Amino acid sequence: DTEVTQTPKHLVMGMTNKKSLKCEQHMGHRAMYWYKQKAKKPPELMFVYSYEKLSINESVPSRFSPECPNSSLLNLHLHALQPEDSALYLCASSQEAGFGNSPLHFGNGTRLTVT
Amino acid sequence: AQSVAQPEDQVNVAEGNPLTVKCTYSVSGNPYLFWYVQYPNRGLQFLLKYITGDNLVKGSYGFEAEFNKSQTSFHLKKPSALVSDSALYFCAVRDKAAGNKLTFGGGTRVLVKP
């Protein structure tokens, strides 16, 4: 079982909807990440939070809005998405702030379908 | 810029036979290297990492990897594959000179046949 919990597991939303993805970890990790993964492709980095502050935004469109309410929680707010945004969204955490040499621990993801 | 190549899209192996998944990398500094495995409808699971020291790294589920600096390779190996090892495997590299960002290879699908 993964130590990073993501909800919901599946989400179907229309292009005008507003929804949020949630991620939680209780390992005391100080860095948290959002990745987007298309089928049979490697994950693509979207955002990195270090000590609850946004440290990396990989030029992600503003229809994706991250939020880190505290050191254990990470949200991704979605608004006015496009069908091409359909993908598996993965949350991850690591012990060190930023990347360092500690591995990332991934959740099982949210499978998002935009109709 | 750092990069990772996994030259094989798919590797087929019979159960009980040795398994090798290839990975080569390119970095400007000293690399941190990782292997992850992804089962269907799951996130990525960490298998092992090379930071420094012994070139042979042992990881989870009987996997190991050998760091070869001269060939800039970090191939994943398992002496005797199981059907349950069938999954998608990603090699990844992190380089301090590149801001410590993690770069993934394209992935290799492993199919172990009974």
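The analysis underlying the following values was restricted to heavy atoms, covering all of them including side chains, and did not include hydrogens, waters or symmetry mates. Chain identifiers are assigned alphabetically (A, B, ...) following the order of the sequence lines, protein sequences preceding nucleic acid strands; residue numbering begins at 1 within each chain. Owing to the predicted nature of the structure, the values given are computational and were not obtained by experimental measurement.
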Go through the atoms of [X] and report whether side chain, backbone, both or neither lie under 4.5 Å from a heavy atom of chain A.
X	result
B:Leu44	both
B:Asn41	both
B:Tyr36	side chain
B:Gln38	side chain

What do the steps show when you test B:Gln45 against A:His105 for side chain to side chain contact (heavy atoms under 4.5 Å, CB included), and what is the final call?
-> CA-CA 7 Å; B:Gln45 293 180 32; A:His105 296 253; over 6 Å; no
Check whether any side-chain heavy atom of A:Leu104 sits under 4.5 Å from a side-chain heavy atom of B:Leu102, and report yes or no.
->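 They are in side-chain contact.
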Taking the side chain as C-beta and beyond, is there a heavy-atom pair between A:Asn101 and B:Tyr50 under 4.5 Å?
->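 Counting from C-beta outward, A:Asn101 and B:Tyr50 never come under 4.5 Å.
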Around atom [atom1] of [X], are there more than 12 heavy atoms from other residues, nucleotides or ligands closer than 6.0 Å?
X	atom1	result
B:Tyr61	OH	no
A:Met27	CE	yes
B:Asn12	CG	yes

Any donor and acceptor pair, going by atom type alone, linking the side chain of B:Lys49 with main-chain N or O of A:Ser102 inside 3.5 Å?
->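 Answer holds: no.
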Any donor-acceptor pair under 3.5 Å from A:Asn108 side chain to B:Gly43 backbone |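 Yes, the answer is positive, given that a donor and an acceptor are paired below the 3.5 Å cut-off.
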Which atoms of A:Gln37 approach chain B - backbone, side chain, both or neither, heavy atom under 4.5 Å |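 The answer is the side chain of A:Gln37.
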Portion of A:Lys9 that has a non-hydrogen atom of chain B nearer than 4.5 angstrom =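 It is neither, since no heavy atom gets under 4.5 Å.
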Do [X] and [Y] belong to the same hydrophobic cluster, where Ile, Leu, Val, Met, Phe, Trp and Tyr are linked whenever their side-chain heavy atoms lie under 4.5 Å apart, directly or via other members?
X	Y	result
B:Tyr89	B:Phe34	no
B:Leu88	B:Val4	no
B:Val27	B:Phe104	no
B:Phe46	B:Val37	no
A:Leu73	A:Tyr89	no

Nearest heavy-atom pair of B:Gly105 and A:Pro42: which atoms, and what distance?
->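 Distance-wise, the nearest heavy atoms are O-CB, 3.2 Å.
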